[in-house]
Peer 1: 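Here it is, the structure, as structure tokens.
Order of listing sets the numbers, starting from 1, for every ligand and every atom in it.
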Amino acid sequence: MCKLNTEGYKLTAPALYPLGGDVPPPYSWSMLPAIGPPPGLHCTRPQCLSLRVVGQQGGCSMLFLRAEPVRASWLKSRPPDAPQRAPLPGLAPGGCPGFPDPAEVTSDRLLFIRVFRTALSLDSPLRPVHLQRPDQELMTRHHSSQITEPLKHLHHVKVVVPLMNFLSHLGLEKFYPNKLTRQSLSEINKNSLNETSVTSLEEIPWCFLRNLFKINADCRSFTQLPVNPEETTDEFDFDLYTADGSDNKVNPLDLIVALFLCADSFLQQEMALKMSMCQFSVPLLLPQANDNQCSLMLWALRDIVKEWRPHELFESRGFVEENIVQANLPLYSFVRLKNCSLSKSELLNLVLSRGQQNHNIFMHRNLEGGALKREIANGLVEVCWYLPCGRENLDTFQVPVAFANLRGDICESLPQFHFLLQVSTATFVFLDKVEEEEQKVLASLQDVKSKLVLVVNRKEGNAREDMMSVKTTVEKLGLPKSNVKTTDSRVNGAEFSKKLCAAIKTSLAAVTATISTANMLGKAVELGLSVDEYKSDDQKKAAEEIVRGIGVRSVPDYKKQQLPLQGENWKRLSQLEKKECRLTKSSDSGLEEQISQLQEEKQRIQQEQRQYNLSRGMNNFIDNLSTADKVNRDFLLKWMKLKLDSHSRKKLSNLRNEFKEECKKKDVKLVAKLGQALLDSSLGIEHYMREMGLIYEVSCHSKMNAHKMCHLPGLAAEMLLDGYPLELLDGDASNIPQRWVTDVLMELHQKVGQKSQLLVLTVLGVQSTGKSTLLNTMFGVQFPVSSGRCTRGAYMLFLQVGEDLKSEFNCDFILLIDTEGLKSPHLAQLEDSYEHDNQLATFVIGLSDVTIINTAMENFTEMKDVLQIAAHAFLRMKLIGKKPTCHFVHQNVAGVSAHSKGMTERKHLLDQLNEMTQIAAEMEKQPSIKAFTEVLDYDIEKNNWNIPGLWHGTPPMAPVNTGYSEAVAEFKKHLLETMKSEREVSDIPQFLEWMRSLWKAVKYENFIFSFRNTLVAHAYDNLCKEFHEWEWEFRKEILSWQKEAELEILNADNESEVETWSGVVESKKSEGTKKITAQQTQMKEKLRDYYKRKDRHVNLIEKYKADFVNSITSIANEIQCSVSTKLDCSLELKISSKKAQDIQRKYRGVIEDRVMKLLSDCKDLHTLSLSDEQLTHDFEKMWDRATAGISGQKERDIAGDVLKQLRKNFSNQNVSEELQHIDLKETSRSPFKTRSEHIDSGIETFLWRGDLQSFADTLIQSCTQFVFDKLMTGGDYHDSFTKDLLEKVDQYLQQSYKQHKTNTQFEVDLKLHICGIASREFLKMHRRFLSDINPKTQLDEYKTRYLSDFLDLYKDKDQSQKKANDFARFCIKPAVEDYIRRSLGVDIVDEILTSSHSVEYSSRSFFQYNIQNELLLQENFESFVKYISNYEMYVKDWIFQHTLQQMSEDETLCKLKTKNLEVVAKKILKALNDASKGKDGCLLPDTRENITKLINNMRKDLIKDISISVEAEKSTLFQIQTTFHPFVNSLKMSIEDLKVELQQEFSKSEDITETLNKLPVKPQDELFRRVFGCGQQCPFCKVPCEAGGQNHKKHHAAVHRPKGLGRVKRENNSKLVETLCTTDVHSDHEFKNVHTKSQWHPYKDYTTYYPDWLIPPDRTIEASDYWKYVLVTYNDRFAKEYKAKPADVPGDWRKITKEAALKGLKEAFNIK
Ligand SMILES: Nc1nc2c(ncn2[C@@H]2O[C@H](COP(=O)(O)OP(=O)(O)OP(=O)(O)O)[C@@H](O)[C@H]2O)c(=O)[nH]1
Ligand SMILES: [Mg+2]
Ligand SMILES: [Zn+2]
Ligand SMILES: [Zn+2]
């Protein structure tokens, strides 16, 4: 036998229990899942016993086991080289010092000792162990001699078998002691969702707790497993344990004791609180694991607050509210002797619930599970309180009374008994008879005998003997007769309880001294009981110290001194911010000046706040909070709460009382006063926390303190994670400490590894309708609850979602928001209160995914008011694209009976809602919305919940109604179920973004117009980007198709008639239409798919969907038009080039005849060969004569044609007379001047003069540019040019009608002017074209070739190489160049869009950002003027310059050209190869004719790609002598040469500008189209619209400018106007212009005149810094430029730096 050495180990904790096989029957391996049977050991009964010590140094436990031979042999059979592996899983190899290594011990009486880690965390405080003999019973009952041996060595360890046994039975042992926390229960997981009945013992505690947390007063009956007779018991697990048939049953009392033993201090409190709400008795003395030990549960009961109305307050309707442990109450104790057959608990219940429905306050033997043998609950003392409601007929006792009940026999729990005797007013001892032992106990009570009452149950049988024993005792003690109550079977419980009541009442009348539970502490210590509260003494002291700081001061004074930041200044700041959003006309100064002043005051206050030094109270609070660990922090906060509450309870409860009364009386003024007093006098943790937030907020501005305070958000985030609520909206000041909330939540976001998807749930409703109670019941949380005003502002609380549900819910947290009650209608008259409520509701509804509207049906007017507010808020959400779910909870409606009746009521509710919606819709200027269901998905069946009243009976003695708890549970289940459906969830950063923008929007009165949110902006931007890409795909597809179609038309058979060509054009057009339609459908599909995406916040941009759909249609129409025009142009080009060709052919024929004649002449006349000079001379002479008479085409009357188009343009207006005698050649010689005839009369000149002129100038400039662009492309004039030009003018004019109210005269004059310019330019174009195609010039080009042909022919030279070369040079090369020209445009766009510069063009707003950024960096005033006055030109130039730059970088253009060259060369060579072969695939015969055939075949093959000029071919191949084969071979070589030559040409530096200008598809135009948008400008400041798509309903821009920049000046002094339209629209100011017919009109209602503009206020003050800076910088120069006086700019604008301006720009465009 090896020696057991325990010296090295301090066995400190009390739990050691045996487990294993045969000996102690109840234990089995499976009870210790962490260990299990040894591996390889299949024996179900390992002959061993193991003992485990829980609580060992270093987190180790010890396992003792004795192995029988079986195990020894297993050990021996271990392979010798096997590592020193632990024989049991979890055993550390090698053993521990002082313990024998198992390998060394090989006897058959083997003893293993191993130290290993268990899954338990052993962080509970360890107490020194009593040196005690081991539990004898255990040894004798369970053990063979072998085991006694080791246990002897462990004789100083206390073995607590029954407790651990019981706990492990319930699966609770790992929580012992005090390891079960509240948090583990508040998590939302599968268990908390599925309310299936329990199936195993392990589930019982959880089921009980969950139901208790739902305040289900039935929870005690969930402690039994359903009976299942069929169940065959697992012999291993149950065979031995089923002996007494109670293996799967639990006595609820045992369960409660077990849970209290396992719960940590906070859970204990919570359990006690909920139990007392259920009107259960709660533990006062809890038996501890080691026998005869018990502790006073003072801490656990600390949280219970009770209200009652003593009879003296009946008249005044007042009530007493008190922390029950601090109330001095008479206490009556009930104990029993072992033999008592009467149920004292049952009797007590009768006493306590007289006048009420019978309620089982105490558990008793006739309740489910109550009769089971108690394992651990003996020695428990429970307490409950009788509280009067103030009504004589209901109240059993007129004063509050406490009752204590000791479980089990007195003799087993003497300490408890003695304690009770000491603290009770009277102790009732229940007994049948008195046994010898008991005699002694009772006899020793001489000194307290007056407090002793014997309750004797006289039993039949040996009644005499029993009564004698009682008599002896009574006599020994000398008890008066009145102190003995007897009953027998003839008296029933009710009657006897009456008797008892009477006795107590008598006793009450004589009570002199009472003791509060808190004061029992001294007695407990005296008697050697432990007290649970001692754990947190330090925190208690710290809390007391803080609270002591209040001293004799009144709470309002204290707050002013110690919590100053949340005082006046903070409220003032909030007011200032609101003022900023609602500027009034009243002040003398300008608007921007007003803002500046407000800003200044804000800064002053902030400055003042920065001076602030940490007050003592706060310093103390923060210090204590920051240094404590989690548990101590919890204690500190709890202590503070308790202390603060009790400090102000009396005052507050009186105030609340009064408040409630006055509310009923409807004296508004008094109510307001009381409300304020309530606010001022309340002081809780939340005030300290609020101050902490404000300290942080302030410290951010002052560098000095910042580092000291930077840990605060982390601290608060931890607290949030621990389940504390955090103030989101300060209800007192109506303000949000944004930086604080942001930083705290961001800390939290980081702490959880950025996994912070949220689901937000809010409750809203009238004051004191049980909103907080509802949330608490639903989620087991602890929002403050009280009768009378309670919650202020809005608080948030984070609930963890369990791992098992995260994916299902698609979120990590449920965020609960509890809100301040809305005021009832008569209170709403209070100043600002309606507004306050409205703001609150909009704000929280805006934040939440699910909103619970809590109503109490009794009061319909109140409800209407809430509905009004809610409907309004929901409507606003709809308008900004957020769609929350909403549930209506009707409190105090009994569920079942109400359902059918409820239907009509629900209908009525819906009617109400519809009505409210209509009103709200009108207020928000959305009259089209008529029904609530248009705003929300609302189902009257599914979204309405009836919840019965909270109390079952009359408070205070009423328990919570089980109906309430069940209805709430049902509601919760459904709610969570619906949350599972697919939603877009946001994480914390997104939540914060919503919070900021919502709050901002709420502050402006006009919610819809003021709502701006970067999430929305991002979502919109993303869609725009995609949309642009789709659009370009669309255009590209059509452009490349069009390129081919054009060539096909050009390549159409020259011999056929014009009609045939028209046919080709028509068929191409219809082909094009089909293609466009297909593309359009495809694009629409893409859009539809996009809106199905889950990752793009598409719900926020739902309202723009129609815009984009319309845009697709208009893009398609536009493309359709342009294709049609282009094809028409091609046809005309075909016709005119045919004409030119015909002429050319005619002369070519003549020339060729002459050449041939000259050739034969020369050959015939001169026998001698002529010299080259001679021949050339002759040729020249012949040529001159032959070409003498050639004349080209006639010039068209371009001016006439343009005029014709102009007349057509005016065809539906009666202006023909004016156009009758016009000669365009003569118009527009002088600059265009606007005149008063251009404007309808009655409008003041100053309103339009300069403005209109600049408009006209811009238009003329842009049209001229358009004409030049056409000119530069080359080719002939086409009527479509004029048509396009006029269309462009029309577009502009539409705007001028709108903006300037111009008339037809203006239009006529302007168009004439522009057409004049155009006609002259187009004439130039036409002339250039004519000269280009002049046959003489063309022929002259061929001259040298004819000459050389002539010479060759004369000399009979072989020409194959030369002809092929010429063919390549003169026919193929131009075609190739043309091909490249046609393709290049699209390629360049593609190149730019995929390059690093692509972002610039990705969306309109980003483009704007870029361009403005660049402007400021360049600091060029002229650029600013051009940008502002002629935005289109500026943008075009910008794009062109950028394109140029990009094309020259890295020889990009050359690369693109080469790429195209490769493509086309490949095509040509392939066509050549194909064409040179016959159908059989063999080379065509080597004849001369086949050359023509070859070329014709190639032409056909390449009909879509290139156009080989016929005339060029004919003249090149003139009199070709060579045959097919050599020609083909030479041609191939020539084409290769051509490629090389072209490549060289490309790489030589060249004029990129010209290349770009000549492209038929101009990249700059395509890019321009992308970023330019609709071209509309803000009616006030002229900033261009940035909305995506072509056809949007609303124009908008990210930043607006001071109006002066858009040429607006003041009427009286011509000063430029400095205000921003974004400021004006939320002010009281007015405007007048041509639209208002010179009448003043409020800016707020600008939509009356400009319904298609959306001008929200700036998201931040900084957003418009850019333009403010520009105005300040160039004020004088702008004034000069605009012929006005400089603007008066507010002083602080001058402080804006260039950097700030650039930063503001970034902010405005959401650039990170
Ligand atoms: N009779 C009755 N009382 C209730 C019911 N629900 C809650 N209460 C009690 O009403 C009081 C107010 O409950 P709270 O949950 O604080 O109400 P609240 O709506 O959050 O109040 P405020 O936050 O002040 O607006 C508490 O004393 C509750 O116990 C109910 O259905 N019937
Ligand atoms: Mg509340
Ligand atoms: Zn504007
Ligand atoms: Zn627009």
Side-chain angles (χ1 to χ4, degrees), residues 215 277 305-307 319 321 656 659-660 663 675 678 731 763-777 783-795 818-824 837 840 852 854-858 866 889-894 946-956 958 960-961 963-964 967-968 1107 1111 1295 1404 1572-1603 1605-1606 1608 1619-1625 1631 1643 1646 1650 1652-1656 1658 1664 1667:
I215 18 179
M277 281 183 84
V305 175
K306 292 273 185 188
E307 274 175 23
F319 58 86
E321 189 189 78
R656 281 212 197 94
F659 182 83
K660 268 199 293 196
C663 277
L678 254 176
V763 66
L764 266 183
V766 177
Q767 271 179 32
S768 303
T769 45
K771 299 179 294 299
S772 307
T773 312
L774 182 71
L775 286 185
N776 290 351
T777 316
F783 284 116
V785 169
S786 155
S787 58
R789 288 217 82 175
C790 181
T791 317
R792 294 300 316 256
Y795 284 84
D818 185 24
T819 61
E820 171 175 336
L822 307 175
K823 260 136 262 142
S824 44
D837 285 359
L840 178 81
I852 301 171
N854 191 46
T855 61
M857 270 290 196
E858 314 93 83
V866 178
V889 167
H890 310 287
Q891 298 260 5
N892 296 335
V893 185
N946 291 333
I947 293 188
L950 176 65
W951 303 113
H952 181 68
T954 320
V960 170
N961 193 345
Y964 179 85
V968 169
D1107 281 1
S1111 293
Q1295 208 173 327
R1404 274 166 206 165
F1572 184 67
C1574 69
Q1576 297 289 314
Q1577 291 176 311
C1578 168
F1580 301 115
C1581 72
K1582 306 290 180 312
V1583 67
C1585 162
E1586 285 154 24
Q1590 268 77 9
N1591 267 1
H1592 35 258
K1593 282 197 208 80
K1594 295 265 183 195
H1595 309 293
H1596 68 77
V1599 231
H1600 290 248
R1601 320 167 180 148
K1603 287 196 282 285
L1605 292 176
V1608 181
T1619 48
L1620 295 154
C1621 8
T1622 41
T1623 310
D1624 284 319
V1625 291
F1631 66 97
Y1643 270 108
Y1646 70 93
Y1650 310 111
D1652 45 1
W1653 266 91
L1654 178 69
I1655 308 177
D1658 279 334
S1664 42
W1667 289 110

Peer 1: Test of understanding: with side-chain hydrogen bond (donor to acceptor under 3.5 Å, both in side chains), list the residues that count as partners of Y964, not counting sequence neighbours.
Peer 2: none
Peer 1: So, the side chain of T769 versus the backbone of G765: is there a donor-acceptor pair under 3.5 Å, distance only?
Peer 2: no
Peer 1: Is there a donor-acceptor pair closer than 3.5 Å between any side-chain N or O of R1404 and the backbone N or O of A1587?
Peer 2: yes
Peer 1: For F1580 and Y1643, I'd like to know if the aromatic rings sit close, meaning centre-to-centre distance below 6.0 Å.
Peer 2: yes
Peer 1: With distance as the sole test, does N854 use its side chain to make a donor-acceptor pair with the main-chain N or O of V766 at under 3.5 Å?
Peer 2: no
Peer 1: Does T819 reach ligand 1 with a nitrogen or oxygen that is under 3.5 Å from one of the ligand's nitrogen or oxygen atoms?
Peer 2: no
Peer 1: Just distances here: any N/O of L950 and N/O of ligand 1 closer than 3.5 Å?
Peer 2: yes
Peer 1: Just checking, any donor-acceptor pair under 3.5 angstrom between side chains of H890 and T855?
Peer 2: yes
Peer 1: Which atoms of ligand 1 sit under 4.0 Å from any heavy atom of G821?
Peer 2: 25 (O)
Peer 1: State whether the shortest distance between N or O atoms of S772 and N or O atoms of ligand 1 falls below 3.5 angstrom.
Peer 2: yes
Peer 1: Given 3.5 Å as the limit, does a donor-acceptor pair link the side chain of E1586 with the main chain of A1598, or not?
Peer 2: yes
Peer 1: When only distance counts, is D818 in polar contact with ligand 1, meaning an N/O pair under 3.5 Å?
Peer 2: no
Peer 1: Is any side-chain heavy atom of V889 closer than 4.5 Å to a side-chain heavy atom of V763?
Peer 2: no
Peer 1: Should G770 be counted as touching ligand 1, given the test is an N or O pair under 3.5 Å?
Peer 2: yes
Peer 1: Need the ligand 1 atom indices (1-based, order shown) with element for anything under 4.0 Å from a heavy-atom of Q767.
Peer 2: 25 (O)
Peer 1: Between the side chain of S1111 and the main-chain N/O of D1107, is any donor-acceptor distance below 3.5 Å?
Peer 2: yes
Peer 1: Can you sort out which atoms of ligand 1 are near Q891, meaning under 4.0 Å from one of its heavy atoms?
Peer 2: 31 (O)
Peer 1: Just how far is it from atom CG of L840 to atom CZ of R792, taken to the nearest 0.5 Å?
Peer 2: 9.5 Å
Peer 1: Are any side-chain N or O atoms of N961 and backbone N or O atoms of G949, one a donor and one an acceptor, separated by less than 3.5 Å?
Peer 2: yes
Peer 1: Taking 2.8 Å as the upper limit, name the protein N, O or S atoms near the Zn ion (ligand 3).
Peer 2: C1578 SG, C1581 SG, H1600 ND1, C1621 SG
Peer 1: Around the Zn ion (ligand 4), how many protein N, O or S atoms are found at less than 2.8 Å?
Peer 2: 4
Peer 1: Is the backbone of S1664 close enough, under 3.5 Å, to the side chain of R1601 for a donor and an acceptor to pair up by distance?
Peer 2: no
Peer 1: Are any of the N/O atoms in T773 less than 3.5 Å from those in ligand 1?
Peer 2: yes
Peer 1: Going by the rule side-chain hydrogen bond (donor to acceptor under 3.5 Å, both in side chains), which residues pair with T819 if we only count those two or more places apart in sequence or in a different chain?
Peer 2: none
Peer 1: Apply side-chain hydrogen bond (donor to acceptor under 3.5 Å, both in side chains) to T791 and K771, showing your working.
Peer 2: CA-CA 9 Å; T791 317; K771 299 179 294 299; over 6 Å; no
